[in-house]
Amino acid sequence: MNAFHLLTFGYAALIRLYPKRFRDEFAEEMQAVFATAVTEAARSGIKSLLVLCLRELWDLPAALLRERLLGTKMGNWVSRRLSPPVRRGAIGFGLGFALIEIISGVLREMRNVPYNFGIDLPLALLLYPLVGGLSGILLCQTVDPKKRTSSFAFFGALGCGLGYLFQTLTPIPAVPIRGALMGGFIGAMMGGVHQGQKGIVRSAVVGALGFGLGRLVGCFVLTSIRFDGNQAPMLTGYADSSILGPIVTGALGSAVTGMIGGAILGAALGGYRAVGDPPHAGGYTRKRIFGLWATVALPMALLAWGVTPALIPRVNLHPTVLYWLIITLGMIWQLVMAVWILRREGGGLDWATLRRRLWLDAPRDPRTGESPGRLGISWRLVLCGFVALLSLGLGTLLTSLGFLLFFRFRLPSIFGFLLWPSYANLTELASPEFAGQWGLIVGALVVWAMGAFFAEEFLFRGVLLPKMSGAFGRWDWVANATFHGFYYLHRPWMIPFRLVNSLAVAWPARRFRSNRLAAIVRVAEIPVLLTVVLLGVTSEVFGPLPTPLILPQIKDHPAPADWQRGAMTTVPTYDPDSSEIWQMDLRSYDVSALDLRASVDDLLHADFDSRTVWPTAGRMPPDFDRERILALGKNPGLGVHELHAQGITGRGVSIAIIDQSLLTEHQEYIDQLQWYETSDGGVSMASMHGAAVASIAVGKTVGVAPEADLYYIGVSGGLEILFPYYHSYAQGIRRILQINEQLPQDQKIRVISISLGWSRQGSGYYDVVAAVEEAKAQGILVVCSSIEKAYGFKFHGLGRFPLADPDAFGAYEPGTWWAKWFYDGDRFSDRLLVPMDSRTTASPTGADEYVFYRQGGWSWAIPYIAGVYALAAQVDPTITPERFWGLAMETGRTIELEHDGKVVSLGPIIDPVTLVDALQND
Amino acid sequence: MATHPNIQSNLPLTESTFFILLSLAPSAKHGYAIMKDVQVLSQSRIALSTGTLYGALKRLLAQDWIERVDTPNAAQTGRIRKAYTLTEIGRRILSAETARLQSLVNAARPHTAKEQSG
């Protein structure tokens, strides 16, 4: 077969990709034309032949897409937008980047180099310029009337090569920013050759945005198809642990980057030829507005992200206070800028001129130009005001939603750097550190007023908005709000909020030629600020510790809980497919009027307590033995009672718990309780949580370590209603450490149990993390939901059928709330498993009352682990958290479960008896 | 298939469409001849691939701007060669587009002449 036949054969194969109707009509003709073209081109030489074939190949995808989608709405939309430069940019860079990934991937495979090792620099410096050069040639054909092919090839290659080099050398780990850096170079070079000096900057910006966006979408797409559920090392690339093979994933990610970036760059380069800036009617040009925005927004970002962290270790001020002070400098700079602009405009700075220039007059009717009454009120204005106020709520909602999505789609792994640093978190001002510092309120108000009125509103609404219609026409208010929103580079999480709010005030400001409404709405933000600062200023702190310590010391006695639930009138049911908790919550209900004979399956999923009033035996199912369920639930299980019988009860070891208010008189732990204190003077009613965790750890009959001493710090839980608040827990840990200093050597607190985890979005995150580190430094184990972050330890809680024997390992199963994922394939063997579901604990309703929780959470697993640690510390006082965890994992038992005809392993389940044996024999 | 009550609503044409219609203006042509002609007429700025060409021809046929005719030499060579020619609508659209472009040039000329002389 000669070259001619090979080409025509290949072409015939490619034509098969067209829709059948199209093929029936044109295939034969197309093949004939192609054959003629090949013959003609071959006569002119190999170069012409190559150009012909390349042209066919480059145009093929778009032609196919067009024919396949033609006639559909989407097809028409796509074809309108797929202008030749867009197409060629997308194909050139998309295909090119993907090929680079494939070539380097295959080479790595051949040399057995692990995937994330990255492409070799010499190879990259060969391939990237090649792709850049070829893409340059492709783009040149459609955007440059002078057809300076060699210049486009050279500068395309240079841009791509330099871009790759700089993205590799940059210390910034975030992939989209590296993509943007590369795109910036490509854009700058292509724009430069296309448009000269003028094109460099704007094409660099377009290129950076395009390729940055492309890389982001690439990461997003490939992150969302990941399957392992871990927070990904997305900072380093696409491929690691995707369900696709690393080469395919890498190629796909690179193709997406190149296609989006190339399309956007192509569209921009194609657009520059024909489109100029719209005329500016008197106001500022777009360039000037953008410049002004950059002049104020960039210094603020620099102050917040660069200057503040650099100064925090050097200045003896609370980081948040320091941050606000430094930010104020940026605001003063804005004020200076605004005044300077007004002076340059030459309109004078007298009040009358300023009122007119900054739209400070009363609102005027847009049609008549008249002020609608002395107070400037009309129904339209009231409506606008209402919408603007509403926007504060909507903005907050959007920001929260943004955060939810941010975490749902695991974006922190790409954009973690955007999460607020603790010092920039306004709620840090609600810290007990500021207790009694009333001056802070005045300071906060001054800083707020400075920022709101003399910086932002003055510049964006006063100086800019009246001058934006020339550049943005009737969309000036949208542009104004956008510039204002994105001014918040120093607090990016505020951008959605400010954008929404700004849209709602910019529109009426423009329509009624008055900024008064914007100012009024701004004032409505004060209560939030005051609430946060007041929370800090008025927060309670622990007093000095008495010396010597007299034990026990119970400083508060919360009243028993009384839920007054009354009678239940309908028979509750349990839906196993629902993830809703408390479906069968019968605690303290009077269900005596119900006939429950047919409800045995539902009842076996019920939570109930000593106060649940049951129907007579005749209306109860005989198989539901609630006394037995209660009794079995009290047993900590897994042979713990066997250890108790040997005298291993936690005697001589102290456990601390920081949790919600405690019913201090409960018989389960009253004798163990050595300390009960709250930082806020106590709350009136005992919580359900406190009694449960205390009894699971040290309860006489329920507990794992029934003779361990208990030190309990009560946290009211009040602030958590407003936002995640961890300062109380940090305070609690430090109080425990303070107490521990005074305890004799043989009564030291060895473990702190906190049934809570912390995330960076909460106030006091760094405070509580630091407090945990302080406890660790003293050799104390802090068991909490964030134990993995603190120690690298992982655990999970087990389920159990309520009538199964808690001492039998085979009675356990995955915990109710995670069983579905487990059976669906999310298995693990690196977590220490402890009892969690079907536990009977002390009830907060009375000193001798109990409650059975059919479904538990990590909250119940955490004090269990603390209890086992106390047993271990009694047997071996030299035990360390690391040794304990290692031994517990090692001695834990793995059981086999049968589910849907398959046998699955579950383990390691903590085996306290073997663990203690191992410690004794060590 | 499609009818064209208003010629103006179809304007402006894309460059490819304009040159394809232009190449068919003097006489009917087959695919390869159109490809070559477009390249010459556009001074090599536009080089159509077969996919783009036949995609465009398909749309022009559907819009009744062009139609298929028997090629003059088909009988002699014995090969199946379809040719395309402008319909009346196609011809009117081409004229309208040419007039539109001409008016643009007329409008621009005095200004560009001034710039050049000043």
Do you know the tightest heavy-atom contact between A:F26 and B:L61?
CZ-CD1, 3.9 Å
dist A:L52:CG -> B:M35:CE (nearest 0.5 Å) comes out at 6.5 Å
How many angstroms lie between CD in A:E29 and OG1 in B:T50, if you round to the nearest 0.5 Å?
11.5 Å
Quick one: of A:Y11, A:F34, A:Y18, who has the most non-hydrogen atom pairs under 4.5 Å with chain B?
A:Y11
Identify which part of B:I46 has an atom lying under 4.5 Å from any heavy atom of chain A, answering side chain, backbone, both or neither.
neither
Least distance between heavy atoms, A:E25 atom then B:K82 atom
O-NZ, 4.1 Å
In Å, rounded to the nearest 0.5 Å, how long is the span from CD of A:E67 to NZ of B:K58?
4.5 Å
Should A:I15 and B:Y54 be marked as a side-chain contact (heavy atoms from CB on, under 4.5 Å) after you check the CA-CA gap, both sets of side-chain angles, and the distance that decides it?
CA-CA 12 Å; A:I15 280 187; B:Y54 279 93; over 6 Å; no
B:G51 and A:E56 have their tightest heavy-atom pair at N-OE1, 4.0 Å
